[in-house]
There are 2 protein chains.
Amino acid sequence: MREAHIVGAGQTPFGSFPDRSYRDLFAEAYAAAREAAPPGIESTAVDEVVLGTLGVGGRQIGLSAPAVTEHAGLHGVPCTRIENACASGGYAIREAVQAVQSGRAELVVAGGVEVMTDLSDDVAGWWLGVSGETAWERLTGTTFAGVYAQMASAYLDRYDVDREALSRVAVKNHDHGARNPDAHLGFPCSLEDCETAPTVADPLTLYHCCPTTDGAAAVLVASEELANSLEGPSVRIAGVGAGTDAVGLYQRESLTSIPAAARAAERAYDAAGIQPEDIDLAEVHDCFAIAELLAYEDLGFCERGGAASLLRSGETEADGDRPVNTSGGLKAKGHPIGATGAGQAVEAVEQLLGHAGDRQVADVERAILHNVGGSGGAAVVTVLERDAS
Amino acid sequence: MREAHIVGAGQTPFGSFPDRSYRDLFAEAYAAAREAAPPGIESTAVDEVVLGTLGVGGRQIGLSAPAVTEHAGLHGVPCTRIENACASGGYAIREAVQAVQSGRAELVVAGGVEVMTDLSDDVAGWWLGVSGETAWERLTGTTFAGVYAQMASAYLDRYDVDREALSRVAVKNHDHGARNPDAHLGFPCSLEDCETAPTVADPLTLYHCCPTTDGAAAVLVASEELANSLEGPSVRIAGVGAGTDAVGLYQRESLTSIPAAARAAERAYDAAGIQPEDIDLAEVHDCFAIAELLAYEDLGFCERGGAASLLRSGETEADGDRPVNTSGGLKAKGHPIGATGAGQAVEAVEQLLGHAGDRQVADVERAILHNVGGSGGAAVVTVLERDAS
């Protein structure tokens with residue numbers, strides 16, 4: 001199976017841009033990805049565009065892929081929209097890898113976009129809610145915060161962990177996000193801020209929940225041959241794994257893990273031929289603080305029930321042995337649904353290539369991306385490696 | 001690049017099933033596809049599910065792929081939703097082919113589903129309208145019938161063709177559909193019926209427009225190795241081509257063709273190494289009668305402006321040299337948006353394998369599928385060949 005590489009990655013700032021169009025945001029991210037790519041890429045035609053989006057905020061529910069493709073200046077290039085809720089961006093990259101591996105494409109643009117903040121509060125809630133299970137969650141009034149609150153309650157109870165562990169996730173990720181110029185909430189917060197913030201869904205307070213964010217991100221996925229023909233190092237996509245599960249919590253085998261993510265991780269490690277201990281840096285899907293703790297365990301960074309201790313040890317902080325969410329994560333960088341998975345790739349590529357500025361971590365050779373749809377109905381995990389050749 | 005085959009294809013009846021769930025419909029189509037597959041397939045695990053849908057009628061906007069995958073009994077199998085409006089089903093098959101070609105999958109379930117008829121008239125119109133260009137079409141009140149009416153007007157004017165040509169498309173496809181037990185509108189109609197029906201958007205009358213339909217269709221896409229290990233003939237996917245264009249008519253280079261479909265056809269013919277004259281049978285996207293005339297030309301079955309003459313010659317009738325829409329087409333079989341492209345494959349596979357019952361056409365060795373999203377923002381064309389090995 002031939003290899004796929006990322007030869008360019010870029011994003012818009014993540015934030016509140018109610019006046020900007022989804023097409024404009026995606027075009028900016030694509031331009032940034034091209035800007036970040038080595039010279040020589042200009043002469044290579046794009047074979048395919050894969051767009052991940054939940055639905056561009058309702059502005060164009062059908063055919064948003066051709067709409068962004070046209071606007072990005074890629075008239076006539078075949079394109080497809082991929083949707084697996086909050087994991088749409090990660091799945092877009094997976095499809096791009098597949099297009100390259102099939103031999104059909106040499107250069108694919110994969111990314112995502114969402115516009116969220118121009119929606120009224122009611123509609124934004126609905127819009128997010130539509131990715132929850134419909135019959136037994138959404139129509140009974142259960143929000144995503146409510147779903148993750150149930151997972152958090154179950155976890156804290158099962159492993160006898162204090163809510164403070166959730167707050168530590170938020171404090172860490174805000175600390176990281178404060179160094180990220182593209183972060184939506186680029187400011188630090190304290191444990192006290194987290195604990196005294198209004199409760200959204202017990203035990204989750206406002207600081208345990210990611211914001212509603214606009215933004216776009218894109219990567220250029222190239223064949224090995226194309227990547228090798230360009231100057232300078234690139235990033236090899238060493239393995240991708242996907243996993244699926246029941247959409248509703250009530251059908252899940254566990255509330256204290258996300259089995260789809262664990263399955264996706266296992267497949268990604270297998271594909272890359274590595275173990276969890278080989279990972280230097282991770283971007284994980286911390287839509288709610290509990291999700292980062294579950295990610296540590298689903299990715300095999302620690303045993304079941306060990307996430308709070310791992311966090312407290314400092315290992316996952318920016319200056320720790322294996323930093324997690326140096327971008328600020330969904331919590332502080334923001335969560336523009338379809339763009340999130342591609343945004344994770346942007347952070348990892350910058351870290352792997354030494355372009356992460358104030359956030360740069362030393363000696364990053366291998367990174368992992370963990371992108372979850374809904375409360376775990378779908379997940380995709382991707383291993384990236386620095387390729388110095 | 002390794003080959004992909006279709007080793008099983010099945011569908012629900014197309015019709016009005018407001019009380020049925022999208023999950024139930026997809027599961028029925030998948031079961032029918034398995035039922036149609038040769039013995040020996042039971043022991044092969046499904047590696048991937050690709051679902052094409054505009055949005056399952058709003059019942060589950062995000063994560064509908066995991067929802068149908070679970071319900072079809074494929075717990076944990078990686079899955080992705082593909083959306084390119086009315087071409088979603090055809091693109092789902094294209095993605096399945098790519099998964100097989102990449103070497104990552106041996107057996108992929110690709111298909112589509114839509115539930116439309118439980119929506120109120122207002123919502124159904126909105127739901128369809130969302131795949132039209134938003135700013136200059138939908139928000140100015142232009143429906144899809146209105147968009148295709150503009151294309152019809154331009155075509156009839158440019159080539160000095162009478163509206164009767166549109167009615168002949170409807171008469172032919174209803175005649176075909178009357179032989180299809182799965183057709184939504186399985187009854188014949190006359191030229192007079194078409195001409196005297198209420199006008200929907202001039203020059204299109206009610207009989208020039210496809211119905212609002214519920215249904216699902218699925219195919220099993222297998223690697224060459226797996227297909228060859230099974231008994232009996234299978235259907236080889238000889239070529240797939242995709243094309244994209246501006247979503248709005250106002251940015252299109254032509255109103256009298258669908259350039260995305262023409263580009264997709266060129267790519268599909270190239271991939272299959274064949275010419276239009278090598279095609280024995282076609283299923284084309286006749287969402288409105290004008291679209292079938294444009295399809296003849298975009299597929300290269302005749303010169304520009306020659307479609308009405310070709311139709312009148314009888315060549316595209318069931319007993320003609322190259323029948324088009326033996327299923328009844330979108331016009332009479334029906335158009336459950338995301339299922340339509342996969343439903344075209346079901347008809348072609350049945351014809352190629354000699355399983356088409358009262359509709360069976362003699363000597364079908366090669367068929368083509370033509371599936372268009374919106375008014376031509378995206379299109380996918382697929383060439384299928386009977387493989388007797």
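Only a predicted model underlies this, so the values are computations on that prediction, with no experimental measurement involved. A, B, ... follow the sequence lines: proteins, then strands. Residue 1 opens every chain.
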Short side-chain to backbone donor-acceptor contact, Glu95(A) and Glu95(B), under 3.5 Å: no

Donor-acceptor under 3.5 Å (Thr244(A) side chain, Cys79(B) main chain): yes

Derivation of the side chain to side chain contact (heavy atoms under 4.5 Å, CB included) call for Val97(B) and Arg104(A): CA-CA 11 Å; Val97(B) 169; Arg104(A) 199 189 285 173; 3.6 Å; yes

Glu266(B) CD: over 12 foreign heavy atoms closer than 6.0 Å: no

Side chain to side chain contact (heavy atoms under 4.5 Å, CB included) between His75(B) and Gln251(A), worked out: CA-CA 11 Å; His75(B) 182 82; Gln251(A) 288 185 298; over 6 Å; no

Region of Ala67(A) that comes under 4.5 Å of a non-hydrogen atom in chain B: both

Residues Arg94(A) and Glu48(B) bridged, charged N to O under 4.0 Å: yes

Which atoms of Glu70(B) approach chain A - backbone, side chain, both or neither, heavy atom under 4.5 Å: side chain

Donor-acceptor contact present, side-chain Glu83(B) to main-chain Leu63(A), <3.5 Å: yes

Criterion side chain to side chain contact (heavy atoms under 4.5 Å, CB included) on Gln101(B) and Gln98(A), from CA distance to verdict: CA-CA 9 Å; Gln101(B) 287 177 334; Gln98(A) 206 159 261; over 6 Å; no

Residue selection (most heavy-atom pairs with chain B, distance under 4.5 Å) from Gly103(A), Ala87(A), Ala246(A), Gly243(A): Ala246(A)

Choice from Gly377(A), Ala260(A), Ala242(A), Gly76(A) maximising heavy atom contacts with chain B below 4.5 Å: Gly76(A)

Interatomic spacing from CG in Asp245(A) to OG1 in Thr69(B) - rounded to 0.5 Å: 11.0 Å

Chain A interface, residue from Val49(B), Val380(B), Asn84(B) that has the most non-hydrogen pairs under 4.5 Å: Asn84(B)

Closest approach of Pro66(A) to Ala378(B) (non-hydrogen atoms, all atoms of both residues): CG-CB, 4.1 Å

Side chain, backbone, both or neither of Glu137(B) within contact of chain A (heavy atoms, under 4.5 Å): neither

Minimal non-hydrogen separation, Arg267(B) against Pro78(A), with atom names: NH1-CG, 3.4 Å

